[in-house]
Amino acid sequence: MEIRTGDTYDPRVIALLDHHVTTARAHTEPGSAHALDLAGLRAPDVAFWTGWDGETLVATGALKVLSPDHGEVKSMHTVEAARRRGFAGRMLRHIIDQARARNMARLSLETGSWDYFRPAHALYQAHGFTFCRPFEGYVEDRNSLFLTLELTPLDMRSSGCA
């Protein structure tokens, strides 16, 4: 998969993001879906990427800057036909690497608590995320789960200090 800076004006990207938001909202209680819309992804505090298998769009992911040392994973989605092929893991590792490159100490996320989101829970936990309390304006909600990952700076990882 080739990861590119996301083009929120590309009709293929718009269609996938629309599907992502619509599907997430269909599997979440009203008021509990927190997916970014196109305007949110175009905000200056958000970096957005797309994943391509050849010329086929297969994944999206974003990093929202909450503070200089804290980021949030947003808009993680893999096309259903491309699931279980490692694309989501590659996108998540890219976001983690980008957060580290920005010297962030922590990366957090909110996801749904319903069965539909179980594969996402497994993905995040497999990459070291642990459950946490709500962060940055989120509130306790039985429809949401919150996860976080403490980031080790790249220079410490490569020197064996982590």
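Computed from a predicted model, the values in this text were never measured in an experiment.
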message: Before you tell me yes or no, could you show the steps for M76 and V73 under side chain to side chain contact (heavy atoms under 4.5 Å, CB included), namely the whole-Å CA-CA distance, both residues' side-chain angles and the distance that decides it to 0.1 Å?
response: CA-CA 7 Å; M76 281 287 299; V73 176; 3.4 Å; yes

message: Does T8 form a side chain to side chain donor-acceptor pair (under 3.5 Å) with R42? I'd like the steps, not just the answer.
response: CA-CA 7 Å; T8 58; R42 292 175 181 146; 2.8 Å; yes

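- Here R12 pairs with D10, W52, E55, L57 under the side-chain contact (heavy atoms from CB on, under 4.5 Å) rule; sequence neighbours left out.
- Each of I96 and F146 belongs to its own hydrophobic cluster when Ile, Leu, Val, Met, Phe, Trp and Tyr are linked at side-chain heavy-atom distances under 4.5 angstrom.
- Taken together through direct or relayed side-chain contacts under 4.5 Å among Ile, Leu, Val, Met, Phe, Trp and Tyr, W49 and V79 form parts of separate hydrophobic clusters.
- Considering NE2 of H70 and CZ of R106, their distance stands at 3.5 Å, rounded to 0.5 Å.
- Scanning for side chain to side chain donor-acceptor pair (under 3.5 Å) contacts around S113 gives an empty result, with sequence neighbours left out.
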Test side chain to side chain contact (heavy atoms under 4.5 Å, CB included) applied to N143 and W114, step by step: CA-CA 7 Å; N143 299 300; W114 298 35; 2.8 Å; yes

task: Let me see the working for Y124 and L109 under side chain to side chain contact (heavy atoms under 4.5 Å, CB included), right down to the final yes or no.
output: CA-CA 9 Å; Y124 298 130; L109 62 95; 3.5 Å; yes

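- Separating the NZ atom in K64 from the CG atom in L41 is a distance of 10.0 Å, to the nearest 0.5 Å.
- One N or O on the side chain of R83 and one on the backbone of T78 form a donor-acceptor pair closer than 3.5 Å.
- Of all the heavy atoms in L36 and S75, the pair that sits closest is CB-OG, 4.1 Å.
- Note on L123 and V58: same hydrophobic cluster, where clusters join Ile, Leu, Val, Met, Phe, Trp and Tyr whose side-chain heavy atoms are under 4.5 Å apart, directly or indirectly.
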message: Is there a side chain to side chain contact (heavy atoms under 4.5 Å, CB included) between L107 and R100? Walk through the geometry before answering.
response: CA-CA 9 Å; L107 191 56; R100 281 193 176 108; over 6 Å; no

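- At least one donor-acceptor pair under 3.5 Å links the side chain of D37 to the backbone N or O of G40.
- In this structure, I3 CD1 and T50 OG1 are separated by 9.0 Å, a value rounded to the nearest 0.5 Å.
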Report all side-chain donor-acceptor pairs from residues 129-140 shorter than 3.5 Å, counting only partners two or more places apart or in another chain.
residue	atom	partner	partner atom	Å
R133	NH1	E140	OE2	3.2
Y138	OH	E72	OE2	2.4
Y138	OH	K74	NZ	3.3

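- Closest approach of M91 to G51, counting heavy atoms only: CE-N, 3.6 Å.
- Between atom NE2 of residue H127 and atom CD1 of residue I95 there is a gap of 10.5 Å, rounded to the nearest 0.5 Å.
- Closest heavy-atom contact between H121 and G112: NE2-O, 2.7 Å.
- When each of V21, D18, L17 is paired with L38, the side-chain contact (heavy atoms from CB on, under 4.5 Å) condition holds for L17 and for no other.
- Remark: the H20 side chain and the T60 side chain contain no N/O donor-acceptor pair separated by less than 3.5 Å.
- For the pair M104 and Q98, the minimum side-chain heavy-atom distance is 4.5 Å or more.
- In this structure, L63 CG and H94 NE2 are separated by 9.0 Å, a value rounded to the nearest 0.5 Å.
- When hydrophobic clusters are built by joining Ile, Leu, Val, Met, Phe, Trp and Tyr residues whose side-chain heavy atoms come closer than 4.5 Å, directly or via intermediates, L147 is grouped together with L92.
- Using a 4.0 Å cut-off between charged side-chain N and carboxylate O, D69 and R102 make no salt bridge.
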